[in-house]
Amino acid sequence: MSKEQVVVYGAGGHSKVVIDILERTQKYEIVGVVDDDPARQGNYFCGYRILGSLGYLLEQGPNAKVILAVGDNMTRERLALRLVPLGFQFITAIHPAAVVGRDVILGAGTVLMANVAVNPGTRVGEHVIINTGSTVDHDCSIGDFAHISPGVHLAGGVTVEPLAHVGIGASAIEDVTIGQGSIVGAGAAVVTDIPPGVVAVGVPARVVKNVSRA
Ligand SMILES: CC(C)(COP(=O)(O)OP(=O)(O)OC[C@H]1O[C@@H](n2cnc3c(N)ncnc32)[C@H](O)[C@@H]1OP(=O)(O)O)[C@@H](O)C(=O)NCCC(=O)NCCS
């Protein structure tokens with residue numbers, strides 16, 4: 001079976017893990033990496049050539065599919081908003097050791113890392129990261145460009161709105177909502193709704209400040 005060609009966008013730590021997943025699936029031929037750091041152009045990353053920056057992709061047009069392997073939620077959103085209207089299409093990267101239940105919807109560009117479980121009836125949006133060893137139980141809704149960090153556990157019916165970041169090792173009880181763009185700190189326990197645009201930490205999670213946008 002011929003492999004589908006894909007360009008990996010990003011040459012950082014997160015990208016390294018995404019490349020490892022793509023290699024393991026054996027479904028894709030990685031034709032190269034794109035990164036916006038001018039100093040890295042022409043170098044190699046994980047054995048793949050850094051072909052250029054965003055401008056390179058725009059010049060090439062949508063010849064190959066793309067995966068946005070950048071950890072920052074807002075950067076993934078910015079890049080998708082630039083590339084989608086030009087016809088670029090995005091693949092999902094699902095580690096062979098991830099378990100996806102029945103009636104789960106995974107949006108384009110979404111990444112599921114090793115030992116993730118997504119249980120039945122959950123809807124995962126586009127360009128979401130569900131990171132190593134996290135579990136998302138039944139009937140959850142994970143919005144576009146959200147990041148569920150390693151070791152997070154979400155009970156059934158949890159809503160994570162777009163661009164939210166749930167920190168490493170955090171958990172959320174059933175049916176709570178984590179608001180758009182909010183950040184839940186490492187190790188927090190979310191037991192009530194978290195409004196949009198805030199940072200919440202602790203057990204139980206309490207809002208400590210608004211998210212600052214650089
Ligand atoms: C919550 C978080 C985003 C806050 O970072 P920040 O904006 O730089 O905030 P600060 O470090 O200034 O912390 C603000 C206050 O919250 C406390 N705090 C920060 N993170 C906390 C956490 N996870 N649990 C409890 N308290 C925390 C700080 O001690 C500080 O308290 P103080 O005002 O009494 O001194 C960060 O600490 C965090 O937990 N990030 C998660 C990172 C992660 O999951 N990475 C995985 C990537 S794959």
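Nothing here was measured: the structure is a model prediction, and the numbers come from that model.
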Donor + acceptor pair across side chains of [X], [Y] (<3.5 Å):
X	Y	answer
Asn43	Arg40	no
Thr122	His138	no
Asp36	Tyr9	yes

Before giving the answer on salt bridge (Lys or Arg N to Asp or Glu O under 4.0 Å), spell out for Lys27 and Glu4 the whole-Å C-alpha distance, their side-chain angles and the decisive distance to 0.1 Å. CA-CA 7 Å; Lys27 278 165 52 181; Glu4 194 165 15; over 6 Å; no

Are [X] and [Y] grouped together when hydrophobic residues (ILVMFWY) are joined by side-chain heavy atoms under 4.5 angstrom apart?
X	Y	value
Ile67	Tyr56	no
Ile168	Val136	no
Val166	Val118	yes
Val84	Leu86	yes

Please report the C-alpha distance between Leu57 and Phe88 in whole Å, then the side-chain angles of each, then the deciding distance to 0.1 Å, and finally whether the side chain to side chain contact (heavy atoms under 4.5 Å, CB included) criterion is met. CA-CA 9 Å; Leu57 260 194; Phe88 283 89; 4.0 Å; yes

Is there a donor-acceptor pair under 3.5 Å between the side chain of [X] and the backbone N or O of [Y]?
X	Y	answer
Ser182	Val199	no
Asp144	Glu126	yes
Thr159	Ser141	no
Glu77	Asn73	no

For a quick test of reading the model, state the closest non-hydrogen atom pair linking Ile19 to Val33 and the distance between them. CD1-CG2, 4.3 Å

Electrostatic pair Asp72:Arg76 at N-O distance under 4.0 angstrom: no

Between His147 and His14, what is the ring plane arrangement, given parallel below 30°, perpendicular above 60°, and tilted in between? tilted

